[in-house]
2 protein chains.
Amino acid sequence: MADLAKVAGVSKITVSRALSDSPLVNRETRERLQQLAHELGYKLNVSARNLRLRRSHTVAVIVEMKPSHDRTMFDPYPLVLLGGISQELTAHGYSVLLTTRQGATAAAVQAADGLILLGQGSRQDAVRRFDKLGLPMVVWGAPGDEHVVVGSDNRQGGHAVAEHFIRLGRRNPVFVGNPNHPEIFERLTGFVDALTAHGIKPLLIRRDEFTLASGTDAMHSLMDRGVPFDAVFACSDLLAMGAIRALNQLGRSVPGDVSVVGYDDMPLAASFLPPLSSVRQDWQEGGTLLARKVLAMINDEPEQSETLPVELIVRET
Amino acid sequence: MADLAKVAGVSKITVSRALSDSPLVNRETRERLQQLAHELGYKLNVSARNLRLRRSHTVAVIVEMKPSHDRTMFDPYPLVLLGGISQELTAHGYSVLLTTRQGATAAAVQAADGLILLGQGSRQDAVRRFDKLGLPMVVWGAPGDEHVVVGSDNRQGGHAVAEHFIRLGRRNPVFVGNPNHPEIFERLTGFVDALTAHGIKPLLIRRDEFTLASGTDAMHSLMDRGVPFDAVFACSDLLAMGAIRALNQLGRSVPGDVSVVGYDDMPLAASFLPPLSSVRQDWQEGGTLLARKVLAMINDEPEQSETLPVELIVRET
DNA sequence: GTTGCGTATGATATCGATATCATGCACGGA
DNA sequence: TCCGTGCATGATATCGATATCATACGCAAC
């Protein structure tokens, strides 16, 4: 920048002002300097600016990147979420620093201007650990009292599935999933509340792993117990697929005897046989919203939790 | 740091040395200062250090985060790759700056010490654009002459599948996929080479989308044409699953009449009916290797492309 | 003429770390 | 006593940007 100033015959500070579009410099000068900077291939030194401004212009995103079964954030979705975050932050001159919980002690993370937590749903203790950093923080998941949370409206999701079952005349619905997980708990709550309004009490089958095998297993244990049921709300598509497979093997038709709805609407859901009904979340939008909220908080604007609408995709199950 | 120095009754520079484990300071002083720093909750100012050292201690990772069908990096895998990268970089005091191709013009990216490109396989033009930055750069994909590339050994993958088919006595194998994609092309090459050694020439069915529907469609067009075949190597698991489904519908049994092998060994592969044989890549290790190579290049050590072994998981198809 | 105001630009200090060169001191040998 | 050597520490300059306060100038009003 000093060089630029010398070439242009002005002072460093004028260059600085010109390049940051300050109205303090004459428009002609500004344009001339910007042009010159471009020609000479000048690159702003981010560290220097960050040092002076006492901001890192960085938001740390904490996400689990190891394969795991207990997560709601299955498959391509965390990546889409990251995409939304990245796009929004970049547009505002911030950058995305990616880490895991383990890596979160690194100096660079501690120096971030804000924090976004993904996929920590089942570990509130872990979330609380990050409070100590005293940074603006937004969490993806189910709303609680302690933090600013962005998530899709899991309760609405459960509600919609319940209504769907009612409409189909189902009277003995089952919920499969892990209600210890806050987001799943919300789905269950929405589901139960809507059913209760119709005088129906669903059965809960707890399953912690969100795999096909786990879904199959759930149906088997259900049949073994001889409990009557005519609808299954599985809180992941894989569970749903496993359930359908098991039901077919056990001689019960889907959707003839039993209706099944999954969650997440993964790409495979549409081409499953039969095509799986599922609840779809808008992950990209979720990412955008997460980013927008941290940015606001970084600028000392107060923010609140917010949920995004979900959509029940009715296919053939 | 100045405060720390004052409290401890030494100079700033001694503190600096002590905290970076420099052998120049007396061991006692060093330990005392480190202890003190810890007690006072001292946090290194990353920007200041970066400014002085003229390093950002940051590696930019460029990855496509929008859902798309044309990619090899399906589903949870990019995330696992990112995990490997993140872990290795963090362990060496570097941090991961995540962006898309679009966001790569941001100042922070240009200031990175190195670059890792993921999922750009089919866009060599895009890859070349990044050369201009003049940064140490490592690319995930298929080896070429122009860059340092890390990837799994797609050729070996193709080879292994061919050998597998030969062992099963198959004589008319088909390859399904998009050979314009460099990684897929490698798989095809390995496949063809190994078969040629046995006097067999496979058929190629080109399909660009890596979806179930696309796999189904490929089998239909194959049967329509009346071409004889007894083995299918699909370059993604979804293609393979679609193919198996179509074959069943068309009255051909798997693996009785036709053997099918997929690629990536996604979690679903094992619980598919029948359990799908597939080629597995070690993504985590790939990430580690990518990171290790950029770090080496940042430290001016020369690096070369490298491929990672893959493993054919033989199940029932 | 001078006072005041607005506009455009500049001088200097500063953010918090580290590299370089200098200094202080103890010790042993001549 | 003096000097060289090694070890521990310090003074100062520096990385590249921006905030703050100062300055220069033109022009209008009195």
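Computed from heavy atoms alone, side chains included, the values below leave out hydrogens, waters and symmetry copies. Per chain, numbering begins at 1; letters A, B, ... match sequence-line order. Since this is a predicted model, take the numbers as computed values, not measurements.
A straight line from CG of A/N45 to C1' of D/dA17 spans 7 Å, rounded to a whole angstrom. Regarding A/L24, its CG atom lies at a distance of 14 Å from the C1' atom of D/dA22, rounded to whole Å. One interatomic measurement links the two molecules: CZ of A/R55 to C1' of D/dA19, which rounds to 15 Å at whole-angstrom precision. The separation between B/K43 atom NZ and C/dA17 atom P is 12 Å, rounded to whole Å. In this structure, the CG atom of A/N50 is 18 Å from the P atom of D/dC15, given to the nearest Å. In this structure, CE of B/M1 is placed 14 Å from P of D/dG10, rounded to the nearest angstrom. At whole-Å resolution of the value, NZ in B/K6 and C1' in C/dA17 are 16 Å apart. Rounding to whole angstrom units, CG of residue B/D21 and P of C/dA17 are separated by 16 Å.
OP1 or OP2 of D/dT18 has not a single side-chain nitrogen or oxygen of A/S20 nearer than 4.0 Å. Applying the 4.0 Å criterion to OP1 and OP2 of C/dG16, one finds that A/R52 has every side-chain N and O outside that range. Put simply, A/T14 has no side-chain N or O that comes within less than 4.0 Å of OP1 or OP2 on C/dA8.
The A/I13 side chain lies nearest to D/dA19 when the options are D/dA19, C/dT9, C/dT18. Considering only the side chain of B/R49, C/dA17 comes nearest among C/dT9, D/dG10, C/dA17. Comparing C/dA17, D/dG10, D/dT9 by their closest approach to the side chain of B/K12 singles out C/dA17. With C/dT9, C/dA17, D/dC15 as the choices, the nucleotide that has an atom nearest any side-chain atom of A/R17 turns out to be C/dT9.
Of the two residues near DNA chain D, B/V10 and B/R54, the one whose nearest nucleotide lies more 5' is B/V10. Comparing A/R27 and A/L53 by the nucleotide of DNA chain C that holds the closest heavy atom to each, the one mapping nearer the 5' end is A/R27.
Among the heavy atoms of the strands lying under 4.0 Å from A/T29 are primed sugar atoms or P, OP1, OP2 only; no base atom is included. As judged by a 4.0 angstrom heavy-atom cut-off over every strand, A/L44 is placed among residues touching the sugar-phosphate backbone only. Residue contacts for A/V46: at a heavy-atom cut-off of 4.0 Å it reaches no nucleic acid atom on any strand shown.
Distance CG/A/L98 to OG/B/S86: 5.5 Å, rounded to 0.5 Å.
A heavy-atom distance below 4.5 Å is not found between the side chains of A/T288 and A/I85. The side-chain heavy atoms of B/T307 and B/P143, taken from C-beta on, include a pair separated by under 4.5 Å. Two residues are said to be in side-chain contact when any heavy atoms from C-beta on lie closer than 4.5 Å; B/V127 and B/H147 meet this criterion. Residues B/T100 and B/V63 fail the side-chain proximity criterion, which asks for heavy atoms closer than 4.5 Å.
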